[in-house]
Amino acid sequence: MAFSPSSSSPSTQHLHFLHQLTSIISTDELKQPLPLPSFLKSNSLPRILSISANLADAQSFLAGVDNPTSLLTYSTVLRSLCRSSDKNLVVTSMVVYKEMLGKGIRPDNFTFPSLLKVFANSRALRAGEVLHSHILKLGLDADVYVINNLMSLYAVCGEIGSTKKLFDRFPERDLVSWTTLITGYKKAGFPKEAVQVFVQMMNENLRADGMTIAAVLSACAELGDLQLGRSLHKYVDVHKLDSDVFVGNALVDMYSKCGHIDSAYKLFGKMPVRNIVSWNSMILGFVEIGEFSRALQLFRQMQCEGVQPDGFTLTGVLNSCASLGALDLGRWVHAYISRNGIRGDGIIGNALVNMYAKCGRIDQARKVFDEMSHKDVYTYTSMILGFAMHGRGEDALELFADMLRIGVKPNEVTFVGVLAACSHAGLVDVGLRFFENMSIEYGVTPQIEHYGCVVDMLGRAGLLEEAQEFILSMPVEPDAFIWGSLLGACKNYSEVALGETIMKQLVELEPDKEGAYVLMSNLYASSNRHDDGYRIRKTMRMNKVRKTPGCSLIEVEGIVHEFRKGDKSHPQAKQIYAMVDEFADRLKMLLSDKECHHHSERLAIAFGLISTKPNMPLRITKNLRICDDCHNVIKSISELYDREIVVRDRYRFHHFKDGLCSCNEFW
DNA sequence: TTGTCATGCT
């Protein structure tokens, strides 16, 4: 060990330490002028420094021309440093520490915690190890603050074994040591061990405080252990820790991750103090389980209470807008981002592209895309998927080529987009080539989704036999999506016999789901075999097959209205139904199936027509695939009422205008 | 002087 405080002179120490330092950070870094530590710029100058008349004095002070015995000065400086947001903090603190040693000042137990914290924040493990050796040499390894900070450093650097060793060998460990170990295990990816440590701690009759509980709760959330979570909640109540915002947030997150969103929400409602973490946890908790309307509702409440959203909130909101087709709110978020100078690159930009694409504004998505200076695989993939959903296969492929040219590596989702684009554009050969090359050329192994895309592609093109052969040759078991997509193709090409075979497979896989029955009954209908269709519907009723209720959304003046088939709960239900009946009257010629008259998309369109200005395009988001009947009716509505109607169904966009649809009957 | 909560894009 080079550094020996008792025997070496200050200058020898200096040299040895310099040697150690340079092995950790490059000499170039050390030669660079010391960046001005930001604590010198702030108002919170350490008292001993604020006496300095100006910054230059302070700098020269730091440069080492001052009083060589002021240990307190250096410790204070180091402590201020560890709170600063200086980017070169590790180097800066090392240089200050080095100067201190150079002056022959012997660090004490107050010096190390802040230094260790800086290194921990930057995951500077090697630098931390050097400090550890200094600590041992100085005999400061019996100080609880020093040891706790060392433990923490090793934990965040992934050296949980060293953390545990320190903990085990340290007799004076306190509540902070226990909490540090718990957090360490959790952060290192061992939530189970974190909980075990907590149990052991309680068995030793130590009393957990809010910080400990928050730490265990986060491990508990990761484990999804509701039972433990509830007993921790009880502990919180008994020990009156519920006013602690950290504890509250940890409880909200725990309930949300354990699948009890309503308990989380109830707790959130009762929190005496909330911060941005509380709001984000709750909003993103709703997003996580697909409760987008509730996420947006909560976001509105957050706005009303004057809480400023951050980037995380906004991506959650954009995500919800994308799912619901809530274009107005999405645009508001876009404006908010611009107004507040929030960087539109990166995740937020990607979320914006996705939102515009999913809300039917593919042009706007492209605009945001083009304006982004940094584009990554998410950016390209969002845009490619957007084009695919809009049936713009060539645009998608062109973008894919751009992406390769620029050197952005496609991943498995990109290929879903590329194959879907080929499928929707009828580019079978091109698509098959991509599929064959994706693993060899791009290192992306095809997964079931990709096989599904190929089946879909072949099926749409009417290559039903090829599709069937392809399924049989797949190295993975076909799932319900694959069979469903082939059955859909049978429907398009009125292939009753093949359809019947596939339906059997599908019913076996998902006996209680409607998909197979609905497709088959449509297939019979399209082949004029109405009796068979009726038989299928009867079987469905008898087998109590569960139906996913059709649901359509339309946003009017920033509010998303939801309609379900036959639903009369809307305040304007009377006018809406009058309008729907008007459709039926005026479109009699189409001989539409009565069953479909009150389909959710018709209700949404009727509401849109009576509540928006004449030239406004209507944008509908539907959870299922549009049925043939409604597809025909909407085409006629677009002509009769002279409205552009954009419908996003489960699979793609339909832009209806002047009696035509952008999908060219191909969906 | 030390330890606590959460999170985003395809």
Side-chain angles (χ1 to χ4, degrees), chain A residues 75-76 78-79 82-83 108-117 120 143-153 155-156 163 173-184 186-187 208-222 241 244-254 256-257 271 274-285 287-288 309-320 322 345-355 357-358 372 375-386 388-389 410-418 420:
Chain A
S75 289
T76 316
L78 287 169
R79 198 160 59 247
C82 87
R83 288 193 210 102
D108 68 0
N109 53 330
F110 285 83
T111 318
F112 287 104
S114 31
L115 267 174
L116 288 166
K117 206 175 169 188
D143 184 90
V144 67
Y145 289 91
V146 172
I147 292 298
N148 288 344
N149 274 295
L150 255 182
M151 281 174 56
S152 196
L153 175 114
V156 299
T163 305
R173 59 204 185 191
D174 61 2
L175 183 61
V176 177
S177 323
W178 284 93
T179 309
T180 306
L181 187 62
I182 291 168
T183 315
K186 152 84 207 326
K187 291 205 168 139
D209 65 4
M211 290 193 181
T212 320
I213 293 296
V216 191
L217 275 169
S218 108
C220 172
E222 197 169 321
L241 299 171
D244 180 334
V245 69
F246 279 84
V247 171
N249 291 345
L251 278 172
V252 166
D253 184 54
M254 180 278 293
S256 158
K257 293 237 168 80
M271 282 172 74
R274 293 177 203 144
N275 59 18
I276 185 73
V277 175
S278 329
W279 288 96
N280 285 353
S281 300
M282 204 59 239
I283 291 175
L284 295 167
V287 172
E288 182 66 29
D310 65 5
F312 290 101
T313 330
L314 297 177
T315 37
V317 171
L318 283 173
N319 204 351
S320 307
D345 272 20
I347 292 176
I348 292 202
N350 295 342
L352 274 174
V353 170
N354 177 47
M355 181 279 292
K358 292 246 169 77
M372 284 172 70
K375 302 181 180 74
D376 61 12
V377 61
Y378 289 100
T379 327
Y380 277 98
T381 303
S382 304
M383 199 64 225
I384 289 171
L385 280 167
M389 283 187 87
N411 65 17
E412 63 282 358
V413 188
T414 319
F415 276 101
V416 171
V418 168

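Since the structure is predicted, the reported quantities are computational estimates derived from the model, not experimental observations. Lettering of chains follows the sequences in order, A, B, ..., and the numbering in each one begins at 1.
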* Just call it for A:Asp143: base, sugar-phosphate, or nothing, with non-hydrogen atoms closer than 4.0 Å on any strand. => nothing
* To do: Could you tell me whether A:Leu175 contacts a base, only the sugar-phosphate backbone, or nothing, with contacts defined as non-hydrogen atoms closer than 4.0 Å?
  => base
* Quick one: is A:Asn109 getting a side-chain N or O under 4.0 Å of the B:dT1 phosphate, OP1 or OP2? -> no
* Is there ring stacking between A:Tyr380 and B:dT10, where the centres must be under 5.5 angstrom apart and the planes under 30 degrees? -> no
* Asked: Counting only side-chain N and O atoms of A:Asn249, is one of them less than 4.0 Å from OP1 or OP2 of B:dA6?
  -> no
* Side chain of A:Thr315 - closest among B:dG8, B:dG3, B:dC5 -> B:dG8
* To do: May I ask you to evaluate whether A:Asn354 reaches the phosphate of B:dG8, defined as a side-chain N or O under 4.0 Å from OP1 or OP2?
  => no
* Answer yes if the side chains of A:Thr212 and A:Thr179 hold a donor-acceptor pair under 3.5 Å, and no otherwise. => yes
* Give A:Thr313 one of three labels, base, sugar-phosphate or nothing, depending on what nucleic acid heavy atoms sit under 4.0 Å from its own. => nothing
* Pick base, sugar-phosphate or nothing for A:Asp209, based on heavy-atom distances below 4.0 Å to the nucleic acid. => base
* When you measure from the side chain of A:Asp253, which nucleotide among B:dG3, B:dT7, B:dC9 comes out closest? -> B:dT7
* To do: Assign A:Lys257 to base, sugar-phosphate, or nothing according to its heavy-atom contacts below 4.0 angstrom with the strands shown.
  => sugar-phosphate
* With heavy atoms under 4.0 Å as the rule, sort A:Ser218 into base, sugar-phosphate or nothing. => sugar-phosphate
* Please answer whether B:dT2 and A:Tyr145 are stacked, defined here as ring centres separated by less than 5.5 Å and planes angled under 30°. => no
* To do: Could you please name the option among B:dC5, B:dG8, B:dG3 that lies closest to any side-chain atom of A:Ile348?
  => B:dG8
* To do: State, to 0.1 Å, how close A:Asp143 and A:Val146 come at their nearest heavy-atom pair, and which atoms those are.
  => OD2-N, 3.0 Å
* To do: Identify which nucleotide among B:dC5, B:dT7, B:dT10 has an atom closest to any side-chain atom of A:Lys187, counting heavy atoms from C-beta outward.
  => B:dC5
* Contact class for A:Asn411 (heavy atom, under 4.0 Å): base, sugar-phosphate, or nothing? -> base
* Which part of the nucleic acid, if any, lies within reach of A:Asn280 when heavy atoms closer than 4.0 Å are counted: base, sugar-phosphate only, or nothing? -> base
* To do: Using a heavy-atom cut-off of under 4.0 Å over every strand shown, decide if A:Gly210 touches base, sugar-phosphate, or nothing.
  => base
* **Point-to-point distance, once rounded to the nearest 0.5 Å, from CG of A:Leu217 to CD1 of A:Ile182** => 11.0 Å
